Amino acid sequence: MTGTVVLGASGRIGRTLRHFWQVDTALWQARRPQAGIGWNIFDPLSEPAVLQRVVGETRQVLCLAGPLPAPGVNLRDHLKLAEACVLAAAATGARVVLASSAAVYGSQPGPLDENVTPAPMSPYGQAKADMERAALALGRDMGVAVTCLRIGNIAGFDAILGGWRPGFSLDQFANGSTPRRSYIGVLTLADVIAAVLAAPERPELLNIAQPGPIQMGALLDAAGRDYVGCPAPQTAIPEVALDVARLRAFLAPQMTLSAADPAGMIAEMALLEPHMKDSSAQ
């Protein structure tokens with residue numbers, strides 16, 4: 001990851017990388033002043049000359065920046081930020097890695113590989129799908145290597161572990177199971193992103209998760225957090241599973257991607273707390 005500018009580094013993923021990597025391995029960007037050393041404060045959209053300068057200095061950009069759904073938020077900023085990164089890279093000969101989301105797949109049955117046509121169901125998923133399509137097309141036109149990371153659920157940043165409160169309820173199906181999703185632990189995520197950034201070549205699309213979907217209830221059990229099982233409505237999706245064969249093959253020369261394990265993910269999450277308690281959402 002040396003020689004990389006990380007945009008949107010004040011969010012949860014960015015702070016995770018800062019925690020597990022050495023701070024001086026990357027140039028860390030935020031739009032507002034942050035505590036700690038090594039921050040570069042500027043707005044990539046309103047200050048394109050600054051963006052081009054730092055991308056030229058580092059020769060690689062990891063874009064984690066972009067708004068989460070909220071009233072008054074313009075989700076089209078995901079596309080604008082991606083295009084700004086590609087344009088800056090085209091002027092400097094740099095490479096681009098964009099944080100996308102498994103939300104681009106919507107509720108399609110899995111396992112979902114990178115060749116599955118996006119069918120997002122949420123505005124956020126649609127924004128990420130639009131971002132991918134525009135950035136990859138622009139990158140091809142301008143000769144810029146662009147990779148989009150379709151990140152699955154991150155244990156601790158999700159609506160289950162991250163959103164847990166006393167009295168928490170969780171959908172439960174007739175067979176007693178809870179929804180199954182593809183997850184990745186925070187330390188594993190940091191290691192995978194580092195490996196992606198270090199690779200001399202990489203595919204345009206990569207699913208980012210650990211092999212094998214896990215039950216959301218199993219994560220809460222591993223964390224020792226009680227929940228109430230509620231009958232799942234007919235609209236509930238039993239499973240969203242990412243196919244990570246491409247990721248495993250890509251990582252094989254550098255690291256082995258371990259299977260998803262609730263206890264292991266909880267242990268990784270503990271390494272990050274209380275470091276993340278005051279960080280903003282990403």
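Numbering starts at 1 and runs along the sequence shown. Here the structure is a predicted model, which is why all the values come from computation and not from measurement.
Between Gln108 and Pro118, the closest heavy-atom pair is NE2-C, 4.2 Å.
Put simply, the side chain of Gln29 never gets that close to the backbone of Ala9: no donor and acceptor are under 3.5 Å apart. Arg246 places no side-chain N or O within donor-acceptor distance of the main-chain N or O of Leu206, the cut-off being under 3.5 Å. A distance-only check finds no donor-acceptor pair linking the side chain of Arg180 to the backbone of Met216 [under 3.5 Å]. With His78 contributing its side chain and Ser100 its backbone, the two residues share no donor-acceptor pair below 3.5 Å. At least one donor-acceptor pair closer than 3.5 Å links the side chain of Ser182 to the backbone N or O of Leu242. When atom types are taken as modelled, the side chain of Trp164 and the backbone of Ala159 share no donor-acceptor pair closer than 3.5 angstrom.
Residues satisfying the side chain to side chain contact (heavy atoms under 4.5 Å, CB included) test with Asp221, not counting sequence neighbours, are Tyr227. Take Glu114 and apply the side chain to side chain donor-acceptor pair (under 3.5 Å) test, not counting sequence neighbours, and it matches no residue.
For the residue pair Gln172 and Thr178, no side-chain donor N or O sits within less than 3.5 Å of a side-chain acceptor on the partner. Side-chain contact, Tyr105 with Asn207: a donor N or O sits under 3.5 Å from an acceptor N or O.
Note that the CG atom of Leu161 and the CG atom of Leu220 stand 5.5 Å from one another [nearest 0.5 Å]. If you take NZ on Lys128 and CG on Leu79, they are separated by 10.5 Å, rounding to the nearest 0.5 Å. A distance of 9.5 Å separates CZ of Arg150 from CG of Asp113, quoted to the nearest 0.5 Å. Between the CG atom in Leu45 and the CG atom in Asp77 there is a gap of 5.5 Å [rounded to 0.5 Å]. Atom CD1 of Ile154 is separated from atom CG of Leu189 by 5.0 Å, given to the nearest 0.5 angstrom.
With respect to Arg53 and Glu57, a salt bridge is recorded, a charged nitrogen being found less than 4.0 Å from a carboxylate O.
Taking the six-membered ring where the residue is Trp, Trp28 and Trp21 present tilted rings, their angle falling between 30° and 60°.
Each of Val5, Leu81, Val6, Val97 was scored for a side-chain contact (heavy atoms from CB on, under 4.5 Å) with Cys63, with one residue passing: Leu81.
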